[in-house]
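So you know, we letter chains A, B, ... as the sequences are listed, proteins then strands, and number each from 1.
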Amino acid sequence: MLFNLHSLVFELSKSHQSLSRTKELHALVTKASLLRDPFYATKLVRLYSLNNDLYSARNLFDKTPQRSVFLWNSIIRAYAQNHNFNDAKSLFQNMLRTQIKPDNFTYACVIRACSENFDFDGLRLVHGGVIVSSLGMDSITSSALISAYSNLSLVDEAIKVFNGVSDPDLVLCNSMISGFEYCGFWDKSLQLFNRMLRLGKNPDGYTLVGLISGIREPKLFSIGQGVHGFCLKSGFDSNDHVGSVLVSMYARCKCMNSAYGVFISLFQPDLVTWSALITGYSQQGNYEKALYFFRKLIMEGKKADPVLVASVLVAAAQSANVRSGTVIHGYVIQSGFELSVMVSSALIDMYSKCGFIDLGFRVFATMSERNIITYNSIILGLGLHGFAYQAFKMFQEIIEKGLKADESTFAALLCACCHGGLVNSGREIFRRMTEEFCIQPSTEHYIYMMKLLGMAGNLEEAYSFILSLSKPVDSAVWGALLSCCEIYGNSELADIVAQQLFTNDPRKGAYRVMLSNIYAGDGRWDDVKELRNDMVDGGIRKVPGVSWIAGRINIA
DNA sequence: TTAGGGTTAG
């Protein structure tokens with residue numbers, strides 16, 4: 001035998017064995033007649049699972065007659081981690097029929113699987129099983145329950161679990177802090193953090209990531225700075241996860257100088273941190289900087305991944321920079337990322353936003369796998385370029401393939417109707433969205449409806465549409481109607497719409513300028529004067545609009 | 001004489 005028992009166990013315990021090495025070890029274990037021992041089977045199941053070879057993992061599991069709780073947990077986890085939730089659940093049900101009782105780790109794994117699968121009923125059932133098994137106070141199951149309930153936005157249930165544990169440990173506190181953050185209660189997150197400090201519990205990287213992730217508005221900037229100060233004092237700023245989340249936090253607070261400050265203070269920022277910086281610039285509209293840092297990353301010899309490439313393609317699309325977009329496309333091909341549905345969908349979007357729907361369609365046509373995001377990208381692109389008929393054909397394809405149309409699908413279809421002037425189709429697609437697909441319309445859908453009806457001259461219908469809604473709409477919806485009033489020179493309706501806008505957004509100059517133009521078109525010069533004087537007196541200014549055209553380049 | 005595992009970032 002090549003190995004003695006000790007070295008075999010040592011080799012099996014390494015979690016980074018390749019698939020071929022795992023197979024070799026499997027052969028050695030078989031040769032030594034050790035396969036019946038659940039210890040060895042567990043180790044091998046784990047290694048196969050880490051190498052995404054579920055088939056071999058399951059085969060091994062099925063052939064092992066003596067199944068310990070460890071072996072059961074390994075195989076359930078293998079399926080759950082591969083997002084094979086139904087199989088994980090049915091394995092768990094099989095386990096319940098055996099003599100082996102699930103333990104806290106089994107429950108933790110199944111709880112997580114239910115949460116990731118949005119299986120509310122399953123989660124409640126498993127929670128019941130936890131209580132029946134007297135594991136309701138256990139830290140392992142409780143932390144999994146807190147995360148699961150929070151991820152399903154059931155924060156009250158998460159709090160109940162947390163309060164049910166008399167002496168919560170660090171992980172339990174971290175789960176609750178992250179749970180509050182996920183559900184939007186950054187203040188509760190901070191309160192719990194302070195309570196931890198008062199009780200003398202030392203936070204770790206997880207605690208700070210949970211806490212900082214909740215700080216995502218410019219008004220919370222000073223709180224973010226305070227937490228950043230804590231990280232510096234306690235040395236957590238060198239933690240990769242904390243560093244990247246600090247960069248994101250400052251970016252979301254619209255302070256890119258601070259985000260960059262954190263970034264350059266890191267000894268070796270990892271890919272996620274680079275990505276946080278680049279996405280930050282992109283989301284703040286500084287596309288040039290986003291593209292610059294992407295080039296810098298590549299020049300430094302680092303390799304981007306699909307998530308980062310998709311993010312940079314957004315910057316190229318938003319800035320209509322097809323030159324950068326094609327360079328990134330080259331990088332995508334070089335790296336084999338065109339197999340990533342996320343990347344290819346971003347390529348479609350980039351080409352269409354840059355005015356090259358033909359190239360976008362070429363990417364679409366060559367994709368072997370397409371998801372709803374792919375279809376949304378191509379429908380939006382076709383719609384923006386006036387190909388409404390083709391956009392609707394794509395929608396038909398979504399339904400035929402059994403994909404689930406979402407709110408972006410309908411926004412893209414409404415956009416296609418707007419660009420094609422298809423009023424009846426637009427009305428029908430809006431009806432189908434709400435009645436057939438049960439999708440709650442968002443501000444974006446309402447804006448498209450205003451444009452669709454208003455641009456066709458159906459201003460009264462557009463106005464009645466807003467009035468028929470049960471909840472007040474965002475100012476942008478009224479703004480869309482006002483712009484249609486401007487096109488048709490309807491100053492009576494414009495007066496009514498403007499009153500809504502001035503009440504909601506008294507400082508926004510654009511609407512006042514729009515109204516003034518409508519008055520001018522109607523010859524109401526006294527009203528124009530009064531409006532302009534009001535603006536001067538109130539110090540209200542309109543932000544000038546900008547537009548640009550990127551030079552068209554020839555692409556074979 | 002082992003082994004499965006609860007909470008983090010773009």
Could I get a table of every N or O pair under 3.5 Å where one atom is in the protein and the other is in nucleotides 1-3 of chain B?
none

Expressed as a whole number of angstroms, how long is the span from [X]:[atom1] to [N]:[atom2]?
X: Ile111(A); N: dT7(B); atom1: CD1; atom2: P; value: 10 Å
X: Ile212(A); N: dT7(B); atom1: CD1; atom2: P; value: 19 Å
X: Asn174(A); N: dT7(B); atom1: CG; atom2: C1'; value: 5 Å
X: Ile146(A); N: dG6(B); atom1: CD1; atom2: P; value: 15 Å
X: Glu181(A); N: dT7(B); atom1: CD; atom2: P; value: 15 Å
X: Gln268(A); N: dA9(B); atom1: CD; atom2: C1'; value: 18 Å

(request) Would you mind checking if Glu181(A) and Lys188(A) are paired as a salt bridge, meaning a charged N to carboxylate O distance below 4.0 Å? (result) no

(request) Give a yes or no on whether a salt bridge exists between Lys201(A) and Asp167(A), defined as a side-chain N under 4.0 angstrom from a carboxylate O. (result) yes

(request) Could you tell me whether Asp270(A) contacts a base, only the sugar-phosphate backbone, or nothing, with contacts defined as non-hydrogen atoms closer than 4.0 Å? (result) base

(request) State which residues pass ring-ring contact (aromatic ring centres under 6.0 Å, His included) with Phe85(A); sequence neighbours excluded, sorted by chain then number. (result) His83(A)

Can you give the donor-acceptor pairs under 3.5 Å from side chains of residues 247-256 of chain A to other protein atoms, not counting sequence neighbours?
from, atom 1, to, atom 2, distance (Å)
Ser248(A), OG, Ser244(A), O, 3.2
Tyr250(A), OH, His228(A), ND1, 2.8
Arg252(A), NH2, Ser213(A), O, 3.3

